[in-house]
Amino acid sequence: MAETDHEALIDRCRQGDALAWEAVVRETQSRVYGMCLRYLRSPEEARDAAQEAYVRAWARLDRFRGADFVPWMLRLTRNVCIDLLRRQQARPPAEDVVLDDGKIDLDGDAEAPDAATERSGRAALLHRAIRGLGKLNREIVTLKEIEGFSFPEIAEMLGVPVGTVKSRSHRARGELAEKLLELDPTIEEGISR
Amino acid sequence: MNDTFIADVMRRTAGSPCETARARMVERADEPLLAGHLEHCANCRAFESALTILDAELPTMAAVDPGPAFTAAVLDRTVDAPAPLPLVARVDRAFAKLFGVLAQRPRLGLELGYVGAMVLWILFGLPDVGKVQRFAEASTAWTTEGSSLRLTMPLDTERREIVRTSQELGSAARELDVVRGSQLVGELATRVVRLPAQLFTDEEPQIEATEPNQAPSASPNKRQAC
């Protein structure tokens, strides 16, 4: 959806247009839910957090300024997840759902079964490799490589200098590649095939 | 043979090129010399493959389908949510909810007692224990002789203090009806009852003065008002 379409949709949402809001939710929900799942790792909690993020966004639509709704929504979603994680620190952790158990459909589009299996297997490897990173590097990789935020945006979100984010991002990318090779040394063959 | 030779030379000169090559690769640097290194270094080729996979796969992990009921659930909580209640009703509901939560607390009685004690303390303050002790001392410092009062201690600065405290004691005794329930003034009340009636009038007590280091005089004419 083009930026101007987004702006027009959000304008209609501000006027209480339910259809416009439904379109916005349908278009952005997989990104929002994906981010919640990466932070919270429990599908149930991720669903609740994603809903909470939309409720907050709906209440704060008047404050949204700018053309691109998705980064604003994702920033808001991250704040909801961090609030939840802070609250969880005071109580025992929720059931640890493994992302690589095949229950979570990591790609929405239908594919040939073999290709889908291979992709989900690779995604599982990636999840394991990401989990092996340090906290800050993991978040930087998630925000940069998965969510697609720019270095200045990540620096603002994490409260660290842009240079730090840049160098950490490069280091984390290298570390991730090495972990991937450790987990599956034959990965190169998969690429050359 | 050739690769071994180059590796030996690099080891004895500039060091391993793999580290530099990998640093360039993670920065996505477009380095023509990299291709030459990759052609001969299997480890760095594997590293490059892993980076290629990261570049291809990570962005696809951004979107995860939350399930078919998700949109409806969000709409239920946003556009389809009932209109907010008026302020009074919201406050009323919040109090009812708070009371419900509080009533389930096992220590509610203790907590209410604590809060009540704190409120009483803030409103009325703690009884002045030092004052009670001074009153007790003052009440034992007097003896009666006919209709006059006599201090049982020599005349000095402490005695003046005793006299002043005795006047306060008279005022306090008149207020005892108000504070009779307090355990802390129980001792005081006992002693006040023993004091002569003159102390409980509005008039200043008639005090027979005695000089320091002198036995108390029996003369009723030598009186002093404090």
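- The greatest number of non-hydrogen atom pairs below 4.5 Å with chain A, out of B:Asp55, B:Thr71, B:Leu75, is found for B:Thr71.
- Atoms CE and CE, from A:Met35 and B:Met61 in turn, are 13.0 Å apart once rounded to the nearest 0.5 Å.
- Taking CZ of A:Arg47 as the start and CZ of B:Phe70 as the end, the distance is 8.5 Å to the nearest 0.5 Å.
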Verdict with supporting geometry, A:Glu145 and B:Arg28, salt bridge (Lys or Arg N to Asp or Glu O under 4.0 Å): CA-CA 13 Å; A:Glu145 308 293 336; B:Arg28 297 185 173 95; 3.1 Å; yes

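- By number of non-hydrogen pairs under 4.5 angstrom with chain B, the leading residue of A:Leu176, A:Leu74, A:Ile130 is A:Leu176.
- Here the closest heavy-atom approach between residue B:Ala50 and residue A:Leu181 is recorded as CB-CG, 4.0 Å.
- Closest of all the heavy-atom pairs between A:Gly34 and B:Val64 is CA-CG2, 3.7 Å.
- Annotation: maximal heavy-atom pairing with chain B below 4.5 Å, among A:Leu126, A:Thr28, A:Asp17, occurs at A:Leu126.
- At a 4.5 Å heavy-atom cutoff, the contact between B:Arg77 and chain A is made by backbone and side-chain atoms alike.
- When all heavy atoms of A:Arg38 and B:Ala62 are compared, the closest pair comes out as NH2-O, 3.4 Å.
- Scanning all heavy atoms of the two residues, the minimum distance from A:Gly174 to B:Phe47 falls at O-CE1, 3.5 Å.
- If you tally non-hydrogen atom pairs under 4.5 Å between each of A:Glu147, A:His170, A:Lys179 and chain B, the highest count goes to A:His170.
- When every heavy atom of B:Leu51 is checked against every heavy atom of A:Ala177, the shortest pair comes out as CD2-CB, 3.8 Å.
- Within the 4.5 Å cutoff, the side chain of B:Val79 has heavy atoms near those of the A:Trp58 side chain.
- Residues A:Gln51 and B:Ala73 come closest through the heavy atom pair NE2-CB, 3.2 Å.
- When atom types are taken as modelled, the side chain of A:Arg173 and the backbone of B:Val26 share a donor-acceptor pair closer than 3.5 angstrom.
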Check against side-chain contact (heavy atoms from CB on, under 4.5 Å), A:Trp21 and B:Thr78: CA-CA 9 Å; A:Trp21 180 239; B:Thr78 51; 2.9 Å; yes

